[in-house]
Amino acid sequence: MKKERIWRWPLAYALAFSAAAWCGAAPLGMPREEVQAATFKNPVVWADLPDPDVIRVGDYFYMVSTTMHLMPGAPVMRSRDLVNWETVSYLFDELHETPKYDMEEGTVYGRGQWATSIRYHDGKFYALFSPNDVPYRSFVYTTDDPAKGWTLHSRMKHFHDASLFFDDDGRVYVFYGTGQLTELEADLSGVKEGGVDMTLQVRDEEEKGLLEGSRVIKHDGKYYLLMISWPNGGKRRQLCYRADKITGPYEKKVILCDNFAGFPYVGQGTIVDDAKGNWYGVIFQDRGGVGRVLTLSPCHWIDGWPMLGDEDGRVPETMEVPVKGRPVIPLVVGDEFDGDKLKMEWQWNHNPVDEAWTLKEHKGFLRLKTNKVVSNLYEARNTLTQRMEGPECSGSLALEVGGMKDGDRAGLAAFNGHSGILTVEKEGKDLFLVMSEEVVSLTDKEKKVTGVERKECARVKLPRVKKVYLRVDADFRLKRDIAEFYYSTDGKDWTKIGSDFKMRFDYRKLFMGTKFGIFNYATKSAGGYVDVDYFRYEKAEK
């Protein structure tokens, strides 16, 4: 997105708004919501939403996803139409399993919360996940209403990529790993002594490669286990196993194999029905720098198998919205920082230092104070993040820099294991704006930061200003994954700085899609601060 690009609302917005106005959808003087068009284009969410699990309770769909080292963690999202998703809560605000969640003795980059399972049973919601890190124990949370927060219910053994399952006879199980099945106590207090504990026969001559990502439902008296498969030398695909008894034997069928829109093959997710008995597949797809995006497909029961995709067995490019007439809900939002709380969509990188950020000391601003002294962004505390979205998006902020101290670094990043970073650097009494490309190196076991490879692409000495405006434009179209960086001293005239940055998804590093990252850290002494006036966001039409 070049400097001269003019951002426009999608045509669907204009049509929907016009129709609402003519039909009297809201009384005069009342705000009118944008109404979702009758069709949508896949990916239904072009943003990082890996490992989805989705259930329906009444007219609402609920989804959980993976955010690993970001806090608060395990986002719980709600939808009326399977297209527009609103974050209503997180399972936890922080984790304190090890000091690494506070960036002490290492980090939890790419670890932390993984692949949560969400279920509804006897009037309660349950969510189970296992952090992919020591001490390798699972968490079970419960609530009567996901919009009102969650309570930790129990801890038990580690279950990789787990699917919680309540059977009709009152018994409770967890499917996990590569076909592991374990029975739990009925109250989910732990593993049931003497209960079912076995490995299902899901391996065969084809399935010798990756086989994980369990999701389980029961339909017409049969048990259905969905797993992602990646045969050695083969194509990633979505499998389904079915059986008449929970312990098997299970038979197998490939229910989806598609490299939708030229990106890597779609795989890992679940199926869910609507209130009218229609079924849908919610499966993610790796899309490089933006992360793992969400696709929505029809699910047709054919000969007792939940076959995904259109008549050709592929993810449809365009599809009817399952439930018509619902409002459009943005996944990534701007923020004027004029409330008492941060908006729900923000997440910190690792546990935040609560005393080092505030919305109260400078009303209408987010104040980020430096805390511990570090040498790079990857070890900095209180970096605030939101997702990026495809096909193209833009995020900008206004930064008051009068409180910076010598050695402080503040700015806006396309943040990932490979990051493009726009940094205001305070050196003595001078301010410099630096665009750099940085790649972190981490140990395998503790995820300690052992080094950062840094390439300085551009450096500009700033005039003595109190406020600097920074912007990152991202392009996630096929074979692009490009971020461009801009700055301004008046918020109107923008100047490009540095070179185009190639965003990357690297599971060996942060294992996430690229995020907008707002940061402020000290390299010499703590005590400085910056005030963020606003973060503004726009995205292009698909």
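- Side-chain contact check for Ser525 and Lys405: at least one donor-acceptor pair (N or O, by modelled atom type) lies under 3.5 Å.
- Atom NZ of Lys448 sits in a sparse spot, with 12 or fewer heavy atoms from other residues, nucleotides or ligands closer than 6.0 Å.
- Residues Lys502 and Asp481 form a side-chain contact, since some pair of their non-hydrogen atoms from C-beta on lies under 4.5 Å apart.
- The shortest distance between side-chain heavy atoms of Lys372 and Met103 falls below 4.5 Å.
- Counting only distance, with no hydrogens or angles, the side chain of His158 and the backbone of Ser138 share no donor-acceptor pair below 3.5 Å.
- Checked against salt bridge (Lys or Arg N to Asp or Glu O under 4.0 Å), Lys479 has no partners two or more places apart in sequence or in another chain.
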Point to revise | ring pair (Phe, Tyr, Trp, His ring centres under 6.0 Å) evaluation trace for Phe535 with Phe516 | key: CA-CA 10 Å; Phe535 173 80; Phe516 291 110; 5.4 Å; yes
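- A donor-acceptor contact closer than 3.5 angstrom links the side chains of Ser89 and Trp150.
- With hydrogens and angles left out, the side-chain atoms of Thr514 and Arg387 include no donor and acceptor closer than 3.5 Å.
- The shortest side-chain heavy-atom distance between Tyr486 and Ile497 does not fall under the 4.5 Å cut-off.
- Between the Thr87 side chain and the Met344 main chain, no donor and acceptor come within less than 3.5 Å of each other.
- Gln113 places a side-chain N or O within donor-acceptor distance of the main-chain N or O of Thr67, the cut-off being under 3.5 Å.
- Heavy-atom minimum distance, Arg292 versus Asp51: NH1-OD1, 4.2 Å.
- Within the structure, salt bridge (charged side-chain N to carboxylate O under 4.0 Å, His left out) pairs that include any residue of residues 516-537 comprise Glu336-Arg536, Arg367-Asp531, Asp406-Lys524, Glu427-Lys524, Lys467-Asp533 (at least two apart or interchain).
- Side-chain contact check for Val468 versus Thr489: every heavy-atom pair is 4.5 Å or farther apart.
- Contact check on Arg155 versus Glu97 returns a salt bridge, with a Lys/Arg side-chain nitrogen under 4.0 Å from an Asp/Glu carboxylate oxygen.
- Salt-bridge formation is not detected for the pair Glu446/Arg111: no Lys NZ or Arg NE/NH1/NH2 atom is positioned less than 4.0 Å from an Asp or Glu carboxylate oxygen.
- For the pair Arg287 and Phe263, the cation sits on the ring face: its NZ or CZ lies under 6.0 Å from the ring centre, inside 45° of the axis.
- Between Asn382 and Asn371 the shortest side-chain heavy-atom distance falls below 4.5 Å.
- Proximity of a side-chain donor or acceptor of Arg215 to a complementary backbone N or O of Ala162 within less than 3.5 Å is detected.
- With hydrogens and angles disregarded, a donor-acceptor distance shorter than 3.5 Å links the side chain of His350 to the backbone of Val108.
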Practice item. Begin with the C-alpha distance, continue with both residues' side-chain angles, and end with the deciding distance and a verdict on side-chain hydrogen bond (donor to acceptor under 3.5 Å, both in side chains) for Ser297 and Arg314. Key: CA-CA 8 Å; Ser297 297; Arg314 296 186 175 276; over 6 Å; no
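- A 6.0 Å sphere centred on NZ of Lys343 holds more than 12 heavy atoms belonging to other residues, nucleotides or ligands.
- With hydrogens and angles ignored, the 3.5 Å screen pairs no side-chain donor or acceptor of Asp53 with any backbone N or O of Ser117.
- Checked by atom type, the side-chain pair Trp346/Asp335 shows a donor-acceptor distance below 3.5 Å.
- Residues that satisfy the salt bridge (Lys or Arg N to Asp or Glu O under 4.0 Å) test with Glu456, not counting sequence neighbours, are Arg454, Arg459.
- Checking Glu438 against Ser436 by side-chain atom types alone, a donor-acceptor pair falls below 3.5 Å.
- Looking at heavy atoms from C-beta onward, Asn42 lies in side-chain contact with Pro316 at the 4.5 angstrom threshold.
- For the pair Lys447 and Asp133, the salt-bridge criterion is not met [side-chain N within less than 4.0 Å of a carboxylate O].
- Here the closest heavy-atom approach between residue Lys235 and residue Cys257 is recorded as CB-SG, 4.1 Å.
- Within the 3.5 Å criterion, the main-chain N or O of Pro50 finds a donor-acceptor partner in the side chain of Ser65.
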**Study point:** Audit row: Asn416, Asp506, side-chain contact (heavy atoms from CB on, under 4.5 Å) steps and yes/no
**Key:** CA-CA 8 Å; Asn416 210 331; Asp506 191 338; over 6 Å; no
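- No donor-acceptor pair under 3.5 Å is formed between the side chain of Gln238 and the backbone N or O of Val254.
- Ser441 contributes no side-chain N or O that, together with a main-chain N or O of Val452, makes up a donor-acceptor pair within less than 3.5 Å.
- Distance check, rounded to the nearest 0.5 Å: CD1 of Ile518 to CG of Leu397 gives 5.0 Å.
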Check your understanding: Can you check ring pair (Phe, Tyr, Trp, His ring centres under 6.0 Å) on Trp85 and Tyr62, steps first, answer last?
Key -> CA-CA 9 Å; Trp85 292 93; Tyr62 293 90; 8.6 Å; no
**Study point:** Tyr109/Leu442 under side-chain contact (heavy atoms from CB on, under 4.5 Å): CA gap, chis, key distance, verdict
**Key:** CA-CA 9 Å; Tyr109 282 126; Leu442 303 164; 4.1 Å; yes
Practice item. Output, in order, the C-alpha distance, side-chain angles, deciding distance and verdict of salt bridge (Lys or Arg N to Asp or Glu O under 4.0 Å) for Glu317 and Lys41. Key: CA-CA 6 Å; Glu317 179 181 356; Lys41 289 184 178 180; 5.1 Å; no
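- Checking Glu379 against Tyr521 by side-chain atom types alone, no donor-acceptor pair falls below 3.5 Å.
- At a threshold of 4.0 Å, the pair Arg237-Glu207 counts as salt-bridged, since one of the basic side-chain nitrogens sits closer than that to a carboxylate oxygen.
- Residues Trp494 and Ser396 come closest through the heavy atom pair CH2-CB, 4.2 Å.
- We find that Arg508 and Asp444 are not joined by a salt bridge, their nearest charged nitrogen and carboxylate oxygen being 4.0 Å or further apart.
- Here the closest non-hydrogen pair linking Phe415 and Leu377 is CD1-CD2, 3.7 Å.
- At a threshold of 4.5 Å between non-hydrogen side-chain atoms, the residues Leu308 and Ile283 count as touching.
- The heavy-atom pair separating Ser214 from Met227 by the smallest distance is OG-CE, 4.0 Å.
- The aromatic rings of Phe139 and Phe129 sit parallel, their planes meeting at an angle under 30°, below the 60° perpendicular limit.
- When only modelled atom types and interatomic distance are considered, His160 and Glu212 share a side-chain donor-acceptor pair under 3.5 Å.
- Considering Asn349, Val440, Thr107 as possible partners of Tyr378, the one that fulfils the side chain to side chain contact (heavy atoms under 4.5 Å, CB included) test is Val440.
- Looking only at distances, no side-chain donor or acceptor of Ser419 sits under 3.5 Å from a matching main-chain atom of Ile421.
- Within the 4.5 Å cutoff, no side-chain heavy atoms of Thr423 are placed close to those of Met435.
- Asp473 and Ser394 form a side-chain donor-acceptor contact under 3.5 Å, judged by distance and modelled atom types alone.
- The two residues Leu296 and Leu82 come nearest to each other via the heavy atoms CD2-O, 3.7 Å.
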Exercise for review: Could you walk me through whether Val293 and Val44 pass side-chain contact (heavy atoms from CB on, under 4.5 Å), step by step?
Suggested key: CA-CA 8 Å; Val293 307; Val44 64; over 6 Å; no
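- Ring centers of Phe511 and Trp114: under 6.0 Å apart, within the cut-off.
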Review point. Step by step, would you call Val76 with Tyr90 a side-chain contact (heavy atoms from CB on, under 4.5 Å)?
Key: CA-CA 6 Å; Val76 180; Tyr90 294 87; over 6 Å; no
